[in-house]
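Okay, so here's the structure we're looking at.
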Amino acid sequence: IQKLDEKEVGLRPIAFTKDNKKVYVYMPLGSKNGLQSGVYLYDPTSQKKSLIWANKSITDISSMVWDNDVEKSVPIGVKLDDGIPHYEFFDNNHPLAKIYAQFEKLFSGQFFRVTNYTDDGKLALIVSYSDKNPGKLYSFNFKTNKLKYVLSFKPQIKPSMMGTEQ
């Protein structure tokens, strides 16, 4: 068992990398160890950390964004809830980061999240909602790059009946 240095206190493990050689770790806001808040790759062999995403927000990470690899899913980004919830990615060129960017434009003014993937990773369920939309469910096909409406959670509620959130 490795003894942790005082400076390491606050690091939160997230997951192993696909090759199991490094660990994704998160340093939350307000840690008093001198490390910048963000996500790091930690190498247990060399004990070195590499910052892969810096938290420039005023809030901590709300949740992680995971890839759709059904064999070994790894984090690829974060969700932040500072104002309108949004996503930031470790690599904006990752295929899922590009798809999320498309969704952010498509669902402008609304929040969305990927809730689930099929066992083969080819389809995803996406929920969108806002202060004026109680929720809609879509399926996304990664092969065809098509989004298909599935259902509304409360179709009897009209957007004009809902209040504006500020």
Side-chain angles (χ1 to χ4, degrees), residues 1-130 135 137-143 145 147:
I1 297 177
Q2 179 181 347
K3 184 178 177 185
L4 287 177
D5 183 308
E6 277 182 18
K7 294 178 185 165
E8 304 301 318
V9 175
L11 282 175
R12 298 179 183 167
I14 301 167
F16 281 103
T17 55
K18 289 191 186 282
D19 63 6
N20 293 317
K21 292 183 179 178
K22 295 182 181 177
V23 180
Y24 292 94
V25 295
Y26 175 61
M27 176 56 63
L29 287 170
S31 297
K32 300 190 183 337
N33 61 9
L35 288 177
Q36 179 174 358
S37 175
V39 176
Y40 293 79
L41 272 179
Y42 174 70
D43 183 336
T45 304
S46 68
Q47 299 185 351
K48 293 191 178 184
K49 291 172 286 307
S50 303
L51 182 67
I52 59 171
W53 174 81
N55 187 357
K56 296 179 178 84
S57 172
I58 58 169
T59 64
D60 266 324
I61 291 172
S62 171
S63 62
M64 302 302 298
V65 179
W66 298 82
D67 69 13
N68 62 333
D69 183 340
V70 295
E71 297 295 320
K72 174 87 172 164
S73 186
V74 296
I76 59 168
V78 299
K79 177 182 169 253
L80 296 165
D81 289 331
D82 54 348
I84 295 174
H86 66 281
Y87 298 99
E88 293 185 8
F89 291 88
F90 309 151
D91 175 5
N92 288 325
N93 290 317
H94 188 284
L96 271 179
K98 291 179 179 183
I99 289 169
Y100 271 67
Q102 290 175 2
F103 289 161
E104 283 183 337
K105 288 178 187 170
L106 181 67
F107 297 118
S108 178
Q110 300 182 59
F111 177 67
F112 71 92
R113 65 184 172 93
V114 175
T115 63
N116 201 355
Y117 296 103
T118 54
D119 288 343
D120 60 8
K122 293 180 181 177
L123 296 174
L125 286 177
I126 290 96
V127 173
S128 72
Y129 56 92
S130 71
L137 183 67
Y138 299 86
S139 67
F140 180 75
N141 184 315
F142 288 98
K143 186 173 183 177
N145 205 33
L147 187 70

Distance in Å, Y24 OH paired with K22 NZ, rounded so as to fall on 0.5 Å steps: 9.5 Å
So F140 and V114, do their side chains get closer than 4.5 Å, heavy atoms only? no
For K98 and N93, the nearest pair of non-hydrogen atoms, with its separation, is CE-O, 3.6 Å
Nearest heavy-atom approach of D60 to P28 is OD1-CA, 3.4 Å
Is the closest side-chain heavy-atom distance between P75 and F90 below 4.5 Å? yes
Exam field: side chain T17 to backbone V23, donor-acceptor pair closer than 3.5 Å: no
Taking the side chain as every heavy atom from C-beta outward, state whether Y138 and F103 have any pair of such atoms under 4.5 Å apart. no
Nearest heavy-atom contact between L51 and G38 is CD1-CA, 4.2 Å
Rounded to the nearest 0.5 Å, what's the gap from OH on Y42 to CD on Q47? Could you check? 4.5 Å
Which pairs pass side chain to side chain donor-acceptor pair (under 3.5 Å) with one or both residues in residues 114-125, sequence neighbours excluded? T118-D120
Using a 3.5 Å distance criterion without hydrogens, assess whether the side chain of N68 forms a donor-acceptor pair with backbone atoms of G121. yes
Between N55 and Q36, is the side chain to side chain contact (heavy atoms under 4.5 Å, CB included) condition met? List the steps. CA-CA 8 Å; N55 187 357; Q36 179 174 358; over 6 Å; no
For L96, the option from V65, D91, D67 that meets side-chain contact (heavy atoms from CB on, under 4.5 Å): D67
Do Y26 and V78 make a side-chain contact, defined as non-hydrogen atoms from C-beta onward lying under 4.5 Å apart? no
Can you find a pair of side-chain heavy atoms, one from P85 and one from F112, that are under 4.5 Å apart? no
Pairwise distance OG(S63) to CZ(R113) - rounded to 0.5 angstrom: 8.5 Å
For a quick test of reading the model, state the closest non-hydrogen atom pair linking L147 to I126 and the distance between them. CD1-CD1, 4.2 Å
When rounded to the nearest 0.5 angstrom, what is the spacing between CE in M27 and CZ in R12? 9.0 Å
So, K18 side chain and K72 main chain: donor-acceptor pair closer than 3.5 Å or not? yes
Given the options F111, F89, W66, Y100 meets ring-ring contact (aromatic ring centres under 6.0 Å, His included) only with F89
Spacing of CD1 belonging to I58 relative to OG belonging to S37, to within rounding of 0.5 Å: 12.5 Å
Would you name the heavy atoms of A97 and N92 that are closest together and state the gap between them? CB-O, 3.8 Å
